[in-house]
Peer 1: 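Mind looking over this structure? Questions follow.
Each chain gets a letter, A, B and so on, in the order the sequences are listed, and its residues count up from 1.
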Amino acid sequence: MTFEAAVYRLVRRIPPAHVLSYGQVAARLGQPRGARAVGRAMSDCPDSVPWHRVVNAQGGISRRRRVSGMLTQRIRLEQEGIRLRRGRVPRPYFWEGQGGHRCVWR
DNA sequence: GACTTGACTAGAC
DNA sequence: AGTCTAGCCAAGT
């Protein structure tokens, strides 16, 4: 199992209308400082991966080579019912796994 | 095979 | 609240 594959497997488990930061993904895979490696993996991921559910630690959409990709990500998030505040995904949308949060998606 | 380059980030000033 | 740094991993040079 490569790191990349592990990243894709986890990202596929993020429920609709929820997000995870690059750092959170890395931490869950046992690499608390591997956020950057997650970003690299996401830059080349299969279409079967809901890549739009991964944002940066501030809830914002990170820059990339293809600027248009940023718009696509925002659109996809909004289509799932996520409302961005000041260009960021508000905290309640962050997937905390088993616990604590209320699912705002319907 | 060494070095660079990112969709990153927590911590230290 | 800005700036800098170290740490991560794979692809491209």
Peer 1: Quick one: side chain to side chain contact (heavy atoms under 4.5 Å, CB included) partners of A:R86, sequence neighbours excluded?
Peer 2: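 If we apply the side chain to side chain contact (heavy atoms under 4.5 Å, CB included) test to A:R86, skipping adjacent residues, there are no hits.
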Peer 1: Through direct or indirect side-chain contacts below 4.5 angstrom among Ile, Leu, Val, Met, Phe, Trp and Tyr, which residues connect to A:M70?
Peer 2: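 Members besides A:M70, by chain and number: A:I61.
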Peer 1: CD of A:Q31 versus C1' of B:dT9: gap in Å, rounded?
Peer 2: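 Rounded to the whole Å, the gap is 14 Å.
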Peer 1: Return the polar atom pairs (N/O with N/O) between nucleotides 10-13 of chain B and the protein under 3.5 Å, or none.
Peer 2:
none

Peer 1: Taking side chain to side chain contact (heavy atoms under 4.5 Å, CB included) as the test, write out the residues that go with A:P90, two or more places apart.
Peer 2: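 In terms of side chain to side chain contact (heavy atoms under 4.5 Å, CB included), with neighbours along the sequence ignored, A:P90 is linked to A:R85, A:P92, A:Y93.
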Peer 1: Flag the pair A:H18 / A:E96 as yes when at least one side-chain heavy-atom distance between them is below 4.5 Å, and no otherwise.
Peer 2: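 Not in contact.
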Peer 1: Counting distance only, does the side-chain N/O of A:Q73 pair as donor-acceptor with the main-chain N or O of A:V54 below 3.5 Å?
Peer 2: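 Indeed, once roles are kept as given, a pair shorter than 3.5 Å links the two residues.
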Peer 1: Would you call A:S21 and A:N56 a side-chain contact if the rule is heavy atoms closer than 4.5 Å?
Peer 2: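 A:S21 vs A:N56: side chains apart.
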Peer 1: Sequence neighbours excluded, which residues qualify as side chain to side chain contact (heavy atoms under 4.5 Å, CB included) partners of A:Q79?
Peer 2: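 Residues passing side chain to side chain contact (heavy atoms under 4.5 Å, CB included) with A:Q79: A:I75.
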Peer 1: Quick one: A:F94 CZ to B:dT9 P, roughly how many Å, whole number?
Peer 2: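 After rounding, the gap between these two atoms is 9 Å.
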Peer 1: The test is side-chain contact (heavy atoms from CB on, under 4.5 Å); show your working for A:Q24 and A:F94 and say whether it passes.
Peer 2: CA-CA 10 Å; A:Q24 286 178 310; A:F94 277 77; 3.3 Å; yes
Peer 1: Please measure how far the P atom in B:dA7 lies from the corresponding atom in C:dG7, and state the result in whole Å.
Peer 2: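 Roughly 22 Å separates the two P atoms.
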Peer 1: Under the rule for side-chain hydrogen bond (donor to acceptor under 3.5 Å, both in side chains), what residues qualify as partners of A:R74, not counting sequence neighbours?
Peer 2: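 Residues passing side-chain hydrogen bond (donor to acceptor under 3.5 Å, both in side chains) with A:R74: A:E78.
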Peer 1: Could you check how far CG of A:L20 sits from C1' of B:dC8, rounded to whole Å?
Peer 2: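 Checked: the CG to C1' distance equals 13 Å.
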Peer 1: With a 3.5 Å cut-off and sequence neighbours excluded, list the donor-acceptor pairs that the side chains of residues 37-52 of chain A form with protein atoms.
Peer 2:
residue: A:R40; atom: NH2; partner: A:E4; partner atom: OE2; Å: 3.0
residue: A:S43; atom: OG; partner: A:R40; partner atom: O; Å: 2.5
residue: A:S48; atom: OG; partner: A:R12; partner atom: NH1; Å: 2.7
residue: A:H52; atom: NE2; partner: A:E80; partner atom: OE2; Å: 3.0

Peer 1: With Watson-Crick and G-U wobble geometry limited to distances under 3.5 Å, how should the secondary structure of DNA chain C be encoded in dot-bracket form, using | for bases paired to another strand and [ ] for crossing pairs?
Peer 2: .||||||.|||||
Peer 1: Just to be sure I understand the rule, does A:Y22 reach a base, reach only the sugar-phosphate, or reach nothing, if contact means heavy atoms closer than 4.0 Å?
Peer 2: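 Since a base atom lies under 4.0 Å of A:Y22, the category is base.
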Peer 1: Please tell me if the side chains of A:V19 and A:L77 come closer than 4.5 Å, counting only heavy atoms from C-beta onward.
Peer 2: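 Yes, side chains in contact.
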Peer 1: In whole angstroms, how far is the P atom of B:dC8 from the CE atom of A:M70?
Peer 2: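 Nearest whole value for this atom pair: 10 Å.
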Peer 1: Please identify each residue that fulfils side-chain hydrogen bond (donor to acceptor under 3.5 Å, both in side chains) with A:R33, with sequence neighbours left out.
Peer 2: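 Counting only residues at least two positions away or on another chain, A:R33 forms no side-chain hydrogen bond (donor to acceptor under 3.5 Å, both in side chains).
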Peer 1: Taking heavy atoms of chain A and a 4.0 Å limit, find me the 5'-most and 3'-most nucleotide of DNA chain C within that range.
Peer 2: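 Nucleotide range with atoms under 4.0 Å of chain A: C:dG7 to C:dA11.
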Peer 1: Got a sec? Which of residues 35-47 of chain A come in under 4.0 Å of DNA chain C, heavy atoms?
Peer 2: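 Under 4.0 Å from DNA chain C: A:R36, A:A37, A:R40.
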Peer 1: Between A:R88 and A:L84, is there a side-chain heavy-atom distance shorter than 4.5 Å?
Peer 2: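 Answer no - side chains too far apart.
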